[in-house]
Amino acid sequence: QLKLEAADGKKYATDCANTEGVFRIIQSIPSPKAEPFKRWLAKVGYERIEEIENPELAQERMKQLYEQKGYPKDWIDKRLRGIAIRQNLTDEWKERGITDKKDYAILTAEISKATFGMTPSEYKNHKNLPAKSKANLRDHMTDLELIFTMLGEKVTTEISEKEKPKGMPENKKVAKRGGSVAGTARKEAEKELGRSVISKKNYLENQKKKSLKPKNDK
């Protein structure tokens, strides 16, 4: 139970459950009204088993999800490529003995700060994304932001594979160096473009603008 605010403004102890708990509750309900949810859970479970046997299916389903959300196909290609590069980086960190998620976050922040001058949390704030939301920053990046993110993480992976750093201090130095390469490239690109690569735009705002746009407005 958690104390939640009610309509009268007072807080009362209320029965709560996390996502996994809610699914287990649904599975235990004998009512026919719960059957559609149970069938959906069974379908999702079957799809996950398929993806374990054939990882390409996971990528294809992810692509479909982004398409359904309205992302352009060229952006989706970059996003999926970025996911693969990120996975290679985390695999490399595991090889170097880094396994804690908090350490991953610290190293990622080093790359981001060297690339864009901001940590991921600062970047989310820059894009006006809700602070407590689970919104993935990369889902709100422009094409160029994704490209430089990929560059920083790919170079970090390459340096790490070559030098095999040990412990957090050495890995932080490598992460900073990898991000610095992308940061330098970003600054050069900005000189040529005459504008900043770093954008305040986010996907939520883009969707809001689309929903407000008149249907006959081309």
| task | Decide salt bridge (Lys or Arg N to Asp or Glu O under 4.0 Å) for R79 and E67; before the verdict, give the C-alpha distance in whole Å, the side-chain angles of both, and the deciding distance to 0.1 Å. | result | CA-CA 12 Å; R79 182 71 178 94; E67 287 177 350; over 6 Å; no

Is there a donor-acceptor contact under 3.5 Å from the side chain of [X] to the main chain of [Y]?
X	Y	value
E170	K166	yes
T14	K3	no
R186	V197	no

| said: With heavy-atom distances below 4.5 Å as the criterion, would you say the side chains of E5 and K10 are in contact? | reply: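 A side-chain contact is absent here, since even the closest heavy-atom pair is not under 4.5 Å.
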
| Quick one: are V181 and R177 in side-chain contact, heavy atoms under 4.5 Å? |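 The answer is no, as the side chains (C-beta and beyond) never meet within the 4.5 Å cut-off.
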
| Mind checking whether Y123 and F116 have ring centres under 6.0 Å apart? |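 Centroid separation for Y123 and F116: below 6.0 Å.
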
| message | Once salt bridge (charged side-chain N to carboxylate O under 4.0 Å, His left out) is applied, do any residues pair with K187, and if so which ones, sequence neighbours excluded? | response |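 With neighbours one apart ignored, the set is empty.
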
| query | What pairs with E20 under salt bridge (charged side-chain N to carboxylate O under 4.0 Å, His left out), at least two apart in sequence or on another chain? | reply |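 Salt bridge (charged side-chain N to carboxylate O under 4.0 Å, His left out) check on E20 returns nothing, list empty.
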
| task | Indicate if L146 and L193 have the same hydrophobic cluster label, given that clusters are the connected sets of ILVMFWY residues with side-chain heavy-atom separations under 4.5 angstrom. | result |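 Yes, it is one cluster - the side chains of L146 and L193 are joined through contacts under 4.5 Å.
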
| Honestly curious: do V22 and V44 fall in one hydrophobic cluster under the side-chain, below-4.5 Å linking rule? |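 They do share one cluster, since a chain of ILVMFWY contacts under 4.5 Å joins V22 to V44.
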
Surrounding [atom1] of [X] (heavy atoms of other residues, nucleotides or ligands, distance under 6.0 Å), is the total greater than 12?
X	atom1	answer
R48	CZ	yes
F37	CZ	no
R81	CZ	no
K78	NZ	yes

| Shared-cluster residues of L107, by chain and number - hydrophobic side chains joined below 4.5 Å |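 In the cluster with L107 are L89, W93, I98, Y104, I106, I111, M168.
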
| Other cluster members, I29 - Ile/Leu/Val/Met/Phe/Trp/Tyr, side-chain contacts below 4.5 Å |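 Its cluster partners, ordered by chain and number, are I25.
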
| task | Would you sort out whether L137 and L129 count as a side chain to side chain contact (heavy atoms under 4.5 Å, CB included), showing the intermediate values? | result | CA-CA 8 Å; L137 172 63; L129 294 172; 4.3 Å; yes

| field | Criterion side-chain hydrogen bond (donor to acceptor under 3.5 Å, both in side chains) against R86, the qualifying member of T108, T149, D91 | value |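 That would be T108.
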
| message | Using the side chain to side chain contact (heavy atoms under 4.5 Å, CB included) criterion, which residues pair with S196? Sequence neighbours excluded. | response |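 Partners of S196 under the side chain to side chain contact (heavy atoms under 4.5 Å, CB included) test: E190, I198.
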
Residue pair [X] / [Y]: nearest heavy atoms and the distance that separates them:
X	Y	value
S160	N171	OG-OD1, 4.3 Å
S180	A114	N-CB, 3.4 Å
A109	P120	CA-CD, 3.7 Å
A13	Q1	CB-OE1, 3.6 Å
I26	A34	O-CB, 4.2 Å
Q87	T90	O-OG1, 2.9 Å

| query | Do E145 and T142 have side-chain N/O donor and acceptor atoms under 3.5 Å apart? | reply |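 Per modelled atom types, E145 and T142 side chains form a pair under 3.5 Å.
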
[atom1]-[atom2] distance between [X] and [Y], expressed to the nearest 0.5 angstrom:
X	Y	atom1	atom2	result
L4	D15	CG	CG	10.0 Å
T99	K94	OG1	NZ	9.0 Å
W40	K38	CH2	NZ	15.0 Å
K127	M118	NZ	CE	8.0 Å
R96	K164	CZ	NZ	6.0 Å
L57	I52	CG	CD1	11.5 Å

| field | Pair L41-F23, side chain to side chain contact (heavy atoms under 4.5 Å, CB included): steps then yes or no | value | CA-CA 8 Å; L41 285 171; F23 286 160; 3.7 Å; yes

| Stepwise salt bridge (Lys or Arg N to Asp or Glu O under 4.0 Å) check, E158 with K154 | CA-CA 6 Å; E158 294 285 336; K154 182 60 177 174; 3.4 Å; yes

| Listed partners of W75 passing ring pair (Phe, Tyr, Trp, His ring centres under 6.0 Å), at least two apart |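 Per chain and number, W75 pairs via ring pair (Phe, Tyr, Trp, His ring centres under 6.0 Å) with Y66, Y71.
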
| query | So R24 and S28, side chain to side chain contact (heavy atoms under 4.5 Å, CB included) or not? Walk me through it. | reply | CA-CA 6 Å; R24 294 193 68 180; S28 69; over 6 Å; no

| field | side chain to side chain contact (heavy atoms under 4.5 Å, CB included) assessment of K191 paired with E188 | value | CA-CA 5 Å; K191 287 179 182 178; E188 288 299 315; 3.5 Å; yes

